[in-house]
Amino acid sequence: MNAKRSSVSTALLDWYDAHRRDLPWRAKPGEIVNPYRVWLSEVMLQQTTVAAVTPRFLAWTARWPDFASLAAADDADVMAAWAGLGYYARARNLVKAAKAVVAEHGGVFPRTEAELRELPGLGAYTAAAVAAIAFGERAVVVDANVERVVARLFAIETPLPGARPAIRAAADSITPDARAGDFAQAMMDLGSGTCTTRSPKCLLCPIREHCEGFRQGAPERLPVKAKKAAKPQRFGTIFWLERDGQVLLVRRPDTGLLGGMRAFPTGPWGEGPPGFEDAPAQAEWRMLDSTVAHGFTHFDLQLTLAVATVEAHQSRVPTASEWWPIDDLDTAGLPTVFAKAGQAIRNWAIRRAA
DNA sequence: CAACCGTGGTC
DNA sequence: TGACCAAGGTT
């Protein structure tokens with residue numbers, strides 16, 4: 001083992017033993033690791049903060065505690081349980097992967113990085129993290145925390161994403177053969193609490209003396225990142241169709257934006273001014289004055305709200321739709337953009353009634 | 001390989 | 001307060 005690998009990993013693991021965070025998916029020292037919980041937490045934590053994941057992880061594991069229960073779960077229930085977490089392909093892939101574990105692996109999670117990589121929703125990072133944390137395999141685990149720590153430790157100046165190969169090689173060079181899972185979690189704890197994006201707490205860092213970025217001064221400028229393109233603005237209309245205290249919901253197609261989620265009917269979102277063309281039924285549509293704004297990863301959306309009421313007998317509506325009690329709308333599992341719109345319309349109705 | 005895919009936390 | 005960001009994956 002090279003000298004830097006040994007000294008960095010030893011210092012970091014000692015620090016981890018003393019300062020590790022107590023998280024619900026983390027086995028306590030001496031406790032048996034549960035691979036299902038490790039996998040689930042890793043997927044939930046993809047591009048998602050610990051603060052947002054923690055309550056959702058607890059609720060999810062209470063309802064679906066293992067691969068078998070998740071593989072047998074109702075799709076609509078799973079998607080509703082994921083509502084608000086974003087990147088909904090993760091939920092669709094969780095079910096697919098759980099079914100594959102039951103059907104193709106006899107209910108036992110594969111333990112090598114290569115086998116894990118074959119399951120839907122497990123990419124390079126997650127397969128390595130599960131192999132290391134759940135099964136103790138030596139794997140090079142590189143997430144955004146590790147990228148930041150390593151870019152500073154080795155003073156890598158190449159901008160992301162171009163620096164990925166060099167960062168991965170550097171991470172490999174400091175990953176120990178033993179305790180690879182603890183090492184990965186130590187790097188992530190260090191990155192999230194100490195080697196933070198804006199103002200790293202270098203005086204508290206256990207590997208400061210090995211850090212080239214610290215030695216040079218101004219480690220916070222690393223890693224260098226390419227500038228992001230401005231987000232385009234799009235417009236759309238959503239349709240609130242009410243009938244006898246219920247509102248019409250549809251299920252979005254399984255692919256694409258908000259795929260597989262319950263939603264209000266809506267036309268395509270584009271440049272044009274909003275209109276009534278894509279209404280789900282013939283009715284006296286009325287456009288509300290206020291709009292709802294929502295930001296997605298790669299565009300900003302301004303939604304116009306169209307409302308109408310129909311009588312029970314005139315209920316010619318899309319086939320893949322359902323009437324949902326308005327008073328129970330919070331249980332429908334709507335993605336945040338539609339939850340916002342629904343709340344705005346209910347607020348409008350309350351003001352109007354007053 | 002660059003575009004697509006969400007949302008809440010954080011300062 | 002808005003801009004940036006987070007335990008990324010898929011196509």
Side-chain angles (χ1 to χ4, degrees), chain A residues 20-21 23-26 37-57 79 82-94 96-97 116-134 139-150 160-162 164-165 167-168 171 181-193 195-199 220 223 225-232 234 252-261 263 269 293-301 333-340:
Chain A
R20 48 174 281 165
R21 284 180 291 176
L23 300 170
W25 45 88
R26 230 173 228 186
R37 293 168 65 88
V38 171
W39 164 64
L40 175 64
S41 69
E42 290 300 341
V43 173
M44 282 190 167
L45 287 161
Q46 288 167 6
Q47 300 289 286
T48 311
T49 58
V50 167
V53 165
T54 298
R56 311 298 291 264
F57 177 85
M79 298 314 291
W82 197 271
L85 272 177
Y87 288 148
Y88 296 97
R90 294 186 290 173
R92 302 195 298 272
N93 285 333
L94 279 176
K96 285 184 197 164
L116 289 163
R117 188 71 176 73
E118 297 297 312
L119 292 168
L122 283 91
Y125 163 75
T126 305
V130 171
I133 297 168
V140 181
V141 181
V142 183
D143 74 325
N145 288 304
V146 176
E147 279 184 352
R148 186 168 58 253
V149 171
V150 166
L160 286 171
R164 295 247 154 82
I167 288 175
R168 185 190 168 74
D182 284 347
F183 179 78
Q185 294 178 92
M187 290 285 277
M188 294 190 275
D189 276 14
L190 186 73
S192 81
C195 194
T196 56
T197 306
R198 297 188 185 172
S199 45
E220 68 280 356
K225 294 187 179 181
K227 279 199 174 177
K228 289 172 187 165
K231 290 197 280 189
R234 294 185 188 169
R252 293 174 63 87
D254 273 326
T255 56
L257 189 71
L258 309 174
M261 299 299 288
W269 298 339
H294 187 76
F296 290 98
T297 308
H298 56 295
F299 66 93
D300 288 319
L301 179 67
L334 294 176
T336 299
V337 60
F338 294 117
K340 268 192 207 174

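In what follows, every chain begins at residue 1, and chains take the letters A, B, ... in the order their sequences are listed.
W39(A) comes within 4.0 angstrom of no nucleic acid atom, judged by non-hydrogen atoms across all strands. At a threshold of 4.0 angstrom between heavy atoms, the contacts of A124(A) are confined to the sugar-phosphate backbone, with no base atom among them. Backbone-only contact: T126(A) has heavy atoms under 4.0 Å from sugar-phosphate atoms and none from a base. Within 4.0 Å (heavy atoms only), A129(A) reaches no atom of the nucleic acid at all. At the heavy-atom level, R26(A) lies under 4.0 Å from base atoms of the strands shown.
In this structure, CD of Q185(A) is placed 10 Å from C1' of dA7(C), rounded to the nearest angstrom. L23(A) places its CG atom 15 Å from the C1' atom of dA6(C), with the value rounded to the nearest Å. Straight-line distance from the CE atom of M44(A) to the C1' atom of dG9(C): 17 Å, rounded to whole Å. Distance NZ (K225(A)) to C1' (dA3(C)): 13 Å, rounded to an integer number of Å. In this structure, CG of L119(A) is placed 16 Å from C1' of dG8(C), rounded to the nearest angstrom. A straight line from CD1 of I133(A) to P of dA7(C) spans 13 Å, rounded to a whole angstrom. Rounded to whole Å, the distance from CD on E42(A) to P on dA7(C) is 11 Å. Residue L160(A) contributes atom CG, which lies 13 Å from atom C1' of dC5(C) at whole-angstrom precision.
If you take atom C1' in dT1(C) and the same atom in dC5(C), they sit 16 Å apart, rounded to whole Å. Here, dA7(C) and dC5(B) have their P atoms 23 Å apart, quoted to the whole Å. Rounded to a whole angstrom, the distance from the P atom of dG8(C) to that of dT10(B) is 16 Å.
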Practice problem: Summarise how protein sits on nucleotides 5-11 of chain B as a single string, 5' to 3': B when a protein heavy atom is under 4.0 Å from the base, S for sugar-phosphate-only contact, - for no contact. | Solution: BBBSS-B
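Here the side chain of R168(A) pairs no donor or acceptor atom with the backbone of V142(A) at under 3.5 angstrom.
Regarding contacts with the backbone of dA3(C), every side-chain N or O of K228(A) stays at 4.0 angstrom or more from both OP1 and OP2. In terms of phosphate contacts, T197(A) brings a side-chain nitrogen or oxygen within less than 4.0 Å of OP1 or OP2 of dA6(C).
Remark: A89(A) engages R92(A), N93(A) in a side chain to side chain contact (heavy atoms under 4.5 Å, CB included) (not counting sequence neighbours). Listed by chain and number, the residues in a side chain to side chain donor-acceptor pair (under 3.5 Å) with R37(A) amount to none (sequence neighbours excluded). Scored by the side chain to side chain donor-acceptor pair (under 3.5 Å) test, Q46(A) finds T126(A) as partners (sequence neighbours excluded). Evaluation of the side chain to side chain donor-acceptor pair (under 3.5 Å) rule for S41(A) yields no partner, not counting sequence neighbours. Looking at residues two or more places apart in sequence or on another chain, you find a side chain to side chain donor-acceptor pair (under 3.5 Å) between D143(A) and N145(A).
The 5' end of DNA chain C is approached more closely, in terms of each residue's nearest nucleotide, by L45(A) than by the other of P120(A) and L45(A).
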Quiz item: Can you list the steps and then say if F296(A) with H298(A) is a ring pair (Phe, Tyr, Trp, His ring centres under 6.0 Å)?
Solution: CA-CA 6 Å; F296(A) 290 98; H298(A) 56 295; 7.6 Å; no
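In the interface, the side chain of R21(A) is paired with the base of dA7(C) through a donor and an acceptor atom under 3.5 Å apart.
A heavy-atom distance below 4.5 Å is found between the side chains of Y87(A) and T297(A).
You'll find that the side chain of N145(A) is closest to dA7(C), out of dC5(C), dG8(C), dA7(C).
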